[in-house]
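Naming: A, B, ... by sequence-line order, numbering from 1 per chain.
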Amino acid sequence: MVFKPGEIELKLTMIWREKKLYRAVNYSNKPKAYILIEFPYPSGERLHVGHARSYSCLDAVARKKRMQGFNVLFPFGWDAFGLPAENYAVKTGIHPAITTAENIKNSKAQAIAWGLSFDWSREVNTTDPDYYRWTQWIFVQLFKRGLAYKDVIMVNWCPSCRINLANEEVIDGKCERCSTPTLRRKQSQWLLRITRYADRLLSDLSGVDYREDIKRQQVNWIGKKEGIEITYKVVDSDDDITVFTTTPVNFGATFLVIAPEHQFTQKMAKTNKEVREYVEKATNKSERERISEGKIKTGVFTGKYVTNHITGEKIPVWVADFVLATIGTGAVQGCPGHDQRDWEFAKKYELPIPRVVSNPDGDAKDITEEPYVVHIGDKGVMVNSDFLNGMDFSEAMNKTMDYFEGKGWGKRVVDYHLRDWVFSRQHYWGEPIPMIYCERCAREGRSWFDDGSGGRGSYGGGGQEKWNSVGWYPADEKDLPVKLPPVEKYQPSETGESPLAQVTEWLKVKCPGCGSIARRETDTMPNWAGSSWYFMRYCDPHNDQKLADLKKLKYWLPVDWYNGGMEHTTLHLLYSRFWHKFLFDLGVVPTEEPYTKRTSHGMVLGPDGRKMSKSRGNVINPDEVVAKYGADTLRLYEMFMGPFEQAISWSWESMEGVYRFLKRVRRLVNINSNSNSSQEAKWRLARLVEKIDKDLEAMKFNTAVAALMTWINWWGSHRDEVGKKEVEVFVKIMAPMAPFLAEELYQRLMGKTDKWESVHVQAWPTVKTTEAAGRKVTLVVQVDGRVREKFEVEAEKAAEQDYIEELVGKSEKVGKYIAGKKYRSVFVPGKVINLVTENG
RNA sequence: GGGCAAGUGGCGGAAUGGCAGACGCGCAGGUCUCAAAAACCUGUGAGCCGAAACGCUCGUGUGGGUUCGACUCCCACCUUGCCCACCA
């Protein structure tokens, strides 16, 4: 008998679609379950086996929950803006919208063929103007609340892609996409003030159920640090320099170092040739060069001094490129005894290295031979520090902050590793940033903020504290979306301007402020924009009045379970939490946090154990698997291959094993003709139902499949013991994992009836309905911790110590070991009895 | 340099305080067959005793500890993987 999954799967797909089995119903009185998987980029390569893994697993969860009586929302869509389509357009001249539509069509066909139970009526596509209208609307709200602002910043420029990259997109000094070393250059960019939400993004983590390592990564990325900003006055000058520190080592500060980009450096460069030359050299270096030069410290003395408040000593001010302008205040006080970089710098330029912290466990080396590096939380006792002497390192920090604040030398501040989000891209295939710049208003000092009733200024206060918004207006909300116009060339210009800058007709727009001719913003949004709120749109995907109706959002949000890649833990997850909190503050969404629970899947590696890539030739095509073995085999194998969160290599042999299993199930069900089941069959099945339910919730898909296999193995050798009713139960619990075969077998079991009913809308079997009496367990007898005997007893009896002791007393085997010895017993009901002899 | 995770048969892995190696792959033997494939059955951590059964010892990276009992908990170390990183 040859098992040909293809035809049957196609037939069932058609029926399921027709019956609309997977529709999520707004406001149903069933309990809701919103299960979300990250929507993919529809690439020309289509969906790969990695997608199949996490989709299959979460689909099994969604299907099970549906059978358990939940109103399940399990939606899907496309994160379709992105470089591949644009690069393809640059090469071929074909509009990205055309390739994107084609790719979506193909990828969607795959998802359907895999039997994923998405509610396709809620499909979203970030490149659809009806969708990005609301992405733009959110940007406008951010602008109006002062959370979107323009600033000239150093950006990472990829000379090959001709695009500015966010810091997050630069890996090892190289472009994330093409691995070309990036360069630094200045550009005016839109930024989102995510830092204003840093505290809430951090503290609200305590209320969500994210996997521990995911939480930790978010905490580290936000990187909250408490410290003190100390302002030093430059001797014989009106200038001052502010440093940030988290350590109480002021008695050991023997110099100051400032970044090449620092204001005071720029000022000195005008008059000091050495400084000028150093700055030029340093700023021309690419990020990559700076990193690769690593530990070799270079610097130049400015010729200026400041006075160390606490020691009264004159200390020199240096410029060095190991100090980064974007971190802290762009200036540090050098405490060479207790910081690796300061120590190397002091060694090279022969600056004094005093010790102000001692190691309570004893110092091995002289401080000029080796620094004693301490951070808050480390062990350390203050020395040579006057009133701090003898204090613990952390205690001394508190004392120092109080003391400096009291003297007016500095103030306590909280600093974050998190930076504001660079939101501009000079690309075509992205959402146009819906802003308008008017030269005339700029000249005359007008902006959206001081237009109208005057109430806007208070919103704008936050925005204007750091940038000059004059001349800027958001597009009128009635005019959204600002649609992408057709262009002739998709390539960004050499100057780094977006391709949109060439579309003169589109550029020209009436200024909302003064009515004269103004110019549209030509930058587009980054990839992260559309994906920052898509889970809201699924709740109400066709709304043309709002991004989604609040009542529907109240019903569906928060997402109960969100699964996605570990690589999105710091960026996408943080960005979408930020937007969600912002929209919560506006009253647009009903909850503070978007996702109740977040999990992550592991990668599927090639058979050689390495990441799949075209160039290595180790890519497994899921379509090939489906064509040859059927979708159920693909699904079940990807669940079975190993722990969900772990990276696993593809193995054709293991996959064959799963295929064999499915064939066995089919045969056993088809040849079964018993009407009654044995007691053992019943309790085994009851145990299986419980196990599958628990394993799917705990994401232990591999052991869930193994449990199905164990049952089938038992059935195979006890064929007379399984009756029709139990076969039906088995088919039902298999349905979430192998939906096609389960449906086929269920229909055969039901026979021809007037009313066709899918297995996937049947109630999930409960232990009660399967009559789980008479269950046996193995009780282990140990003597001094070693296994000496096993009893097969009924589950209830296994909990009775007297009964077990009696059995033990009768056992010859055990008797051999305890003969003539006194012992006491440790009894664990249902599991083990350990006889501990007195001198054993 | 920092953070996180993980080390178990020939391989992927199971067991998270109570029978170590579930389940699958692979391998060996067998049934069916003219033969092969498929399918099915049996065995499969290492070692010892033995004709066999029964039995015994060792065994989850290394060393220590807690416990009646440790792959599981604690301490130290070694190794690997991933993420972050001149973060003041």
Side-chain angles (χ1 to χ4, degrees), chain A residues 1-3 168 171-172 211-217 219-221 223 225 227 243-247 249 257 259 290-291 293-297 320-324 326-335 338-342 344-345 373 375 415-419 566-567 569-570 602-603 609 637 640-643 645-658 660-661 663-664 667 700 702-713 716-717 778-790 813 816 823-837 840:
Chain A
M1 180 168 54
V2 184
F3 178 28
E168 295 89 295
I171 310 296
D172 250 352
R211 221 174 58 204
E212 236 1 87
D213 53 335
I214 296 175
K215 251 188 208 183
R216 179 118 307 269
Q217 275 200 32
V219 169
N220 290 347
W221 193 263
K225 300 169 279 201
V243 304
F244 175 72
T245 182
T246 57
T247 51
V249 288
V257 198
R290 275 212 200 178
I291 289 168
E293 282 173 12
K295 293 239 144 63
I296 306 155
K297 301 284 175 288
D321 67 359
F322 78 86
V323 173
L324 305 180
T326 53
I327 293 169
T329 57
V332 298
Q333 50 181 18
C335 309
H338 308 286
D339 180 278
Q340 187 68 35
R341 292 152 310 174
D342 295 351
E344 285 166 23
F345 191 74
V373 179
H375 300 106
D415 191 35
Y416 298 92
H417 171 237
L418 187 69
R419 306 278 111 198
M566 207 60 201
E567 71 276 16
T569 303
T570 42
M603 249 190 305
Y637 169 58
F640 183 62
M641 64 198 312
E645 66 284 356
Q646 205 170 295
I648 305 277
S649 315
W650 182 270
S651 156
W652 285 105
E653 291 81 10
S654 285
M655 195 216 65
E656 287 271 2
V658 168
R660 254 174 246 163
F661 162 75
K663 284 193 288 186
R664 254 184 117 191
R667 194 173 334 107
K700 293 165 82 170
N702 51 337
T703 53
V705 177
L708 293 179
M709 289 171 166
T710 306
W711 159 261
I712 283 294
N713 288 346
S717 50
T778 306
L779 198 123
V780 173
V781 185
Q782 300 179 330
V783 178
D784 294 325
R786 282 169 188 277
V787 180
R788 298 301 184 188
E789 174 69 295
K790 296 169 192 176
K813 270 195 227 164
K816 228 164 62 185
Y823 67 90
R824 66 190 172 91
S825 18
V826 179
F827 181 65
V828 183
K831 286 196 166 158
V832 73
I833 184 162
N834 191 7
L835 311 179
V836 186
T837 62

Between the protein and nucleotides 38-46 of chain B, which nitrogen or oxygen pairs come in under 3.5 angstrom?
residue, atom, partner, partner atom, Å
rC40(B), OP1, R664(A), NE, 3.2

Protein-nucleic acid N or O pairs under 3.5 Å, nucleotides 68-75 of chain B:
residue, atom, partner, partner atom, Å
rC68(B), O4', R824(A), NH2, 3.4
rC68(B), O2', N834(A), ND2, 3.4
rC68(B), O2, N834(A), ND2, 2.4

Produce the list of close N/O pairs, under 3.5 Å, pairing protein atoms with atoms of nucleotides 2-9 of chain B; give distances to one decimal.
residue, atom, partner, partner atom, Å
rG3(B), O2', N220(A), ND2, 3.3

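Whole-Å rounding puts the K813(A) NZ to rA53(B) C1' distance at 12 Å. When rounded to the nearest whole Å, the span between CZ of R211(A) and C1' of rC82(B) equals 12 Å. Atom CD1 in I648(A) sits roughly 13 Å away from atom C1' in rG24(B) (whole-Å rounding). Rounded to a whole Å, the CE atom of M641(A) is 18 Å from the P atom of rC11(B). Remark: P of rG26(B) and CE of M655(A) are 11 Å apart, rounded to the nearest angstrom. As a whole-Å value, the separation of I327(A) CD1 from rC84(B) P is 15 Å. With rounding to whole Å, I214(A) atom CD1 is found 16 Å from rC84(B) atom C1'. What separates CD1 of I712(A) from P of rA22(B) is a distance of 19 Å, to the nearest Å.
rG45(B) and rG9(B) are spaced 13 Å apart, taking the P atom of each and rounding to whole Å. The same atom, P, is picked in rA20(B) and in rC71(B); the two are 9 Å apart, to the nearest Å. Remark: the separation of the C1' atoms in rU16(B) and rA22(B) is 15 Å, to the nearest Å. For the P atoms, the distance linking rG59(B) with rA46(B) amounts to 16 Å, nearest Å. Between the C1' atoms of rG7(B) and rU62(B), the separation comes to 11 Å (whole Å). Rounded to whole Å, the separation between the P atoms of rC73(B) and rC84(B) comes to 28 Å. rC77(B) and rC83(B) are spaced 24 Å apart, taking the C1' atom of each and rounding to whole Å. Across the C1' atoms, rC19(B) and rG69(B) are found 12 Å apart, a figure rounded to whole Å.
Base pairing in RNA chain B yields stems of at least 3 consecutive Watson-Crick or G-U pairs, both distances under 3.5 Å, namely B:1-7 with B:78-84, B:10-12 with B:23-25, B:26-31 with B:39-44, B:45-48 with B:55-58, B:61-65 with B:73-77.
Side-chain atoms of N702(A) lie closest to rG13(B) of the nucleotides rG13(B), rA20(B), rA22(B). Here the side chain of S654(A) is nearest to one of rA88(B), rA14(B), rG24(B), namely rG24(B). Between rG24(B), rC19(B), rA88(B), one nucleotide has an atom nearer to the side chain of T245(A) than all others, and that is rA88(B). Side chain of T703(A), nearest nucleotide from rC84(B), rU57(B), rA22(B): rA22(B). Side-chain proximity of F640(A) to the nucleotides rC23(B), rC58(B), rA88(B) is greatest for rC23(B).
For A706(A), the side chain to side chain contact (heavy atoms under 4.5 Å, CB included) partners are F640(A), not counting sequence neighbours. Judged as a side chain to side chain contact (heavy atoms under 4.5 Å, CB included), and not counting sequence neighbours, the contacts of T247(A) are T245(A), V249(A), F393(A).
Considering every non-hydrogen atom in both V243(A) and T329(A), the closest pair reads CA-OG1, 3.3 Å. Across all non-hydrogen atoms, the minimal contact from S649(A) to G609(A) is OG-CA, 3.3 Å. Closest non-hydrogen pair, M566(A) versus T569(A), comes out as O-OG1, 2.7 Å. Between V658(A) and M709(A), the shortest heavy-atom distance links the atoms CG2-CE, 4.2 Å. Residues L324(A) and A259(A) come closest through the heavy atom pair C-CB, 4.1 Å.
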Requested in this report: Show your reasoning for whether side-chain contact (heavy atoms from CB on, under 4.5 Å) applies to H417(A) and W221(A).
Outcome: CA-CA 6 Å; H417(A) 171 237; W221(A) 193 263; 4.2 Å; yes
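Along RNA chain B, the nucleotide nearest G642(A) and the nucleotide nearest T778(A) are compared for position; the residue whose nucleotide lies closer to the 5' end is G642(A).
Look at K700(A) and you'll find a side-chain N or O under 4.0 angstrom from OP1 or OP2 of rA15(B). Phosphate proximity of rA88(B) to K225(A): present, with a side-chain N or O under 4.0 Å from OP1 or OP2. Phosphate proximity of rC87(B) to R341(A): present, with a side-chain N or O under 4.0 Å from OP1 or OP2.
No side-chain heavy atom of V781(A) sits less than 4.5 Å from a side-chain heavy atom of K813(A). Using a 4.5 Å heavy-atom threshold, the side chains of F827(A) and V832(A) count as separate.
Taking only distance into account, the side chain of K297(A) meets the base of rC86(B) through a donor-acceptor pair shorter than 3.5 Å.
Going from atom CZ of R667(A) over to atom CD1 of I712(A) covers 10.5 Å, rounded to the nearest 0.5 Å. In this structure, the separation between CD on Q782(A) and CG on D784(A) is 9.5 Å, given to the nearest 0.5 Å.
Here K790(A) lies in heavy-atom contact (under 4.0 Å) with a base.
Checked against D213(A) for a side-chain hydrogen bond (donor to acceptor under 3.5 Å, both in side chains), the options K215(A), Q217(A), R211(A) give a single hit: R211(A). Put simply, the residue from N834(A), I833(A), V836(A) that forms a side chain to side chain contact (heavy atoms under 4.5 Å, CB included) with S825(A) is I833(A).
rG9(B) has its base syn relative to the sugar, with a glycosidic angle deviating from 0 by at most 90°.
Between W650(A) and Y637(A), the gap from one ring centroid to the other is short of 6.0 Å.
Geometrically, K297(A) does not engage F345(A) in a cation-pi contact defined by less than 6.0 Å to the ring centre and at most 45° from the axis.
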